[in-house]
Amino acid sequence: MENLEDLKILAEQWSHQGIEYLQKIPPTQLYVAIGVLLLTTILFLLSIRLFRRTKSNTVLLSGLSGSGKTVLFYQLRDGSSHQGTVTSMEPNEGTFILHSEKAKKGKIKPVHLVDVPGHSRLRPKLEEFLPQAAAIVFVVDALEFLPNCRAASEYLYDILTNANVVKKKIPVLLCCNKTDKLTAHTKEFIRKQMEKEIEKLRASRSAISTADIANDFTIGIEGEVFSFSHCYNKVIVAEASGLNGETVQVQDFIREYIKP
């Protein structure tokens with residue numbers, strides 16, 4: 001009780017001191033200070049509302065060179081394969097309504113699609129776009145998968161452990177491209193093989209000292225074999241064929257995170 005009384009007396013003293021201090025301030029300065037405080041508060045609240053409303057519409061196409069990213073880009077943009085495989089040395093970038101939605105009525109939100117070059121020397125380009133990404137489509141060549149499994153898994157591992165991807169929980173679509181070919185591997189086979197490779201990467205890189213690890217985060221559950229379900233973000237596996245225009249699963253994934 002005595003402590004409460006002491007606090008009450010102290011609060012009254014502070015209150016009186018505050019009133020006396022305010023009375024000493026010239027009215028003009030006081031009004032200006034109040035106005036600045038109100039204006040700052042209003043701007044702060046408006047910026048919060050604007051930040052909450054503004055959602056990114058950027059989707060990144062990533063993967064090894066030759067996986068078919070650029071063909072998918074053109075299929076999604078205008079329904080054309082642009083005469084097959086195109087090797088990109090610079091990002092293909094555009095904001096557009098998906099080709100399959102152009103006939104739909106009503107307002108449709110355009111997608112900002114970025115095809116990031118897959119060449120190892122150009123992969124840092126991906127880092128430039130990750131902060132604004134709403135989703136990532138990681139393209140794998142299902143036809144020539146086995147020779148490239150290790151390299152593709154390493155690239156995907158680097159994406160899944162990237163700080164931007166982890167903190168923002170950016171969803172990733174593992175897109176198995178060229179599955180229309182008879183000798184192409186199934187998405188189940190590709191998923192299992194890449195999980196195995198990433199498990200090996202986890203084991204080898206965890207043995208390296210922290211100072212030598214380039215990745216921002218580790219993934220997986222200690223003591224368990226790696227699965228994409230263990231990732232911080234959502235990882236989905238789907239099939240597509242850029243040359244044949246079979247991109248429904250890719251479009252559905254995009255529209256799940258960028259509402260029309």
Side-chain angles (χ1 to χ4, degrees), residues 59-69 72 116 118-120 123 126-127 130 133-210 212-242 246-254 256-257:
V59 176
L60 306 183
L61 288 173
S62 61
L64 298 181
S65 181
S67 59
K69 300 183 304 300
L72 277 175
V116 184
H119 194 284
S120 57
R123 285 181 199 169
L126 180 69
E127 193 73 33
L130 278 176
I136 300 170
V137 177
F138 188 86
V139 185
V140 174
D141 184 343
L143 197 61
E144 299 293 334
F145 171 68
L146 286 177
N148 298 305
C149 178
R150 176 75 178 184
S153 299
E154 287 180 346
Y155 191 8
L156 182 58
Y157 179 89
D158 290 339
I159 291 173
L160 295 176
T161 53
N162 183 279
N164 284 299
V165 175
V166 172
K167 291 178 180 178
K168 293 172 61 180
K169 294 185 177 179
I170 301 174
V172 174
L173 178 73
L174 177 54
C175 177
C176 306
N177 192 27
K178 308 179 186 179
T179 51
D180 57 304
K181 306 297 182 182
L182 290 175
T183 55
H185 295 284
T186 65
K187 67 177 184 179
E188 289 80 13
F189 177 82
I190 291 172
R191 175 183 60 79
K192 290 178 181 178
Q193 293 302 312
M194 293 190 75
E195 285 177 338
K196 289 179 181 178
E197 286 297 330
I198 290 177
E199 173 63 21
K200 293 177 185 177
L201 287 167
R202 287 178 64 226
S204 62
R205 297 192 185 188
S206 63
I208 305 173
S209 65
T210 306
D212 293 331
I213 297 177
N215 304 90
D216 299 308
F217 288 86
T218 57
I219 51 175
I221 299 173
E222 189 175 352
E224 294 188 24
V225 177
F226 175 76
S227 167
F228 285 124
S229 62
H230 297 165
C231 293
Y232 298 101
N233 55 320
K234 190 174 184 180
V235 181
I236 305 166
V237 185
E239 296 178 339
S241 175
E246 297 171 11
T247 60
V248 174
Q249 294 181 35
V250 179
Q251 293 178 58
D252 289 345
F253 170 78
I254 290 172
E256 183 178 353
Y257 297 99

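Since the structure is predicted, the reported quantities are computational estimates derived from the model, not experimental observations. In this chain, numbering begins with 1 at the start of the sequence shown.
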Shortest non-hydrogen contact from [X] toward [Y]:
{"X": "E256", "Y": "K234", "answer": "OE2-NZ, 3.6 Å"}
{"X": "A134", "Y": "Y257", "answer": "O-CB, 4.4 Å"}
{"X": "E195", "Y": "F228", "answer": "OE2-N, 3.0 Å"}
{"X": "K178", "Y": "A184", "answer": "O-CB, 3.4 Å"}
{"X": "F253", "Y": "P171", "answer": "CZ-O, 3.8 Å"}
{"X": "N164", "Y": "I170", "answer": "O-CD1, 3.8 Å"}

For residues [X] and [Y], determine if any side-chain heavy atom of one lies less than 4.5 Å from a side-chain heavy atom of the other.
{"X": "R150", "Y": "L201", "answer": "yes"}
{"X": "F145", "Y": "M194", "answer": "yes"}
{"X": "I236", "Y": "Q249", "answer": "no"}
{"X": "L143", "Y": "T183", "answer": "yes"}
{"X": "Y155", "Y": "N148", "answer": "no"}
{"X": "Y232", "Y": "K167", "answer": "no"}
{"X": "D141", "Y": "L64", "answer": "no"}

* C175 and side-chain contact (heavy atoms from CB on, under 4.5 Å): which partner among I136, L72, V140? ->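 Running side-chain contact (heavy atoms from CB on, under 4.5 Å) over I136, L72, V140 with C175 returns exactly one hit, L72.
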
* Asked: Parallel, tilted or perpendicular: which fits the ring planes of H230 and F226, with parallel below 30° and perpendicular above 60°?
  ->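 H230 vs F226 ring planes: perpendicular.
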
* **Nearest-0.5 Å distance, SG of residue C176 to CD1 of residue I190** =>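 The CD1 atom of I190 is 3.5 Å from SG of C176, to the nearest 0.5 Å.
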
* Asked: Can you tell me how far the OG atom of S227 sits from the CZ atom of R191, to the nearest 0.5 Å?
  ->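 Taking OG in S227 and CZ in R191, the distance rounds to 6.5 Å.
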
* **Side-chain donor or acceptor of N233 paired with backbone N/O of V165 under 3.5 Å** =>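 Here the side-chain-to-backbone pair does not exist.
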
* To do: Output yes when a side-chain donor or acceptor of T179 lies under 3.5 Å from a complementary backbone atom of A240, and no otherwise.
  =>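 Present.
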
* Asked: Would one find more than 12 heavy atoms of other residues, nucleotides or ligands at under 6.0 Å from atom CD of E224?
  ->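 Counting neighbours around CD of E224, more than 12 heavy atoms of other residues, nucleotides or ligands fall under 6.0 Å, so yes.
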
* **I219 vs I198, side chain to side chain contact (heavy atoms under 4.5 Å, CB included): CA-CA, chis, key distance, verdict** => CA-CA 9 Å; I219 51 175; I198 290 177; 4.1 Å; yes

* Quick one: do E199 and K196 make a salt bridge, cutoff under 4.0 Å? ->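 Looking at K196 together with E199, the answer is no, because their closest N to O distance does not fall below 4.0 Å.
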
* Stepwise side chain to side chain contact (heavy atoms under 4.5 Å, CB included) check, V172 with L156 -> CA-CA 10 Å; V172 174; L156 182 58; 4.3 Å; yes

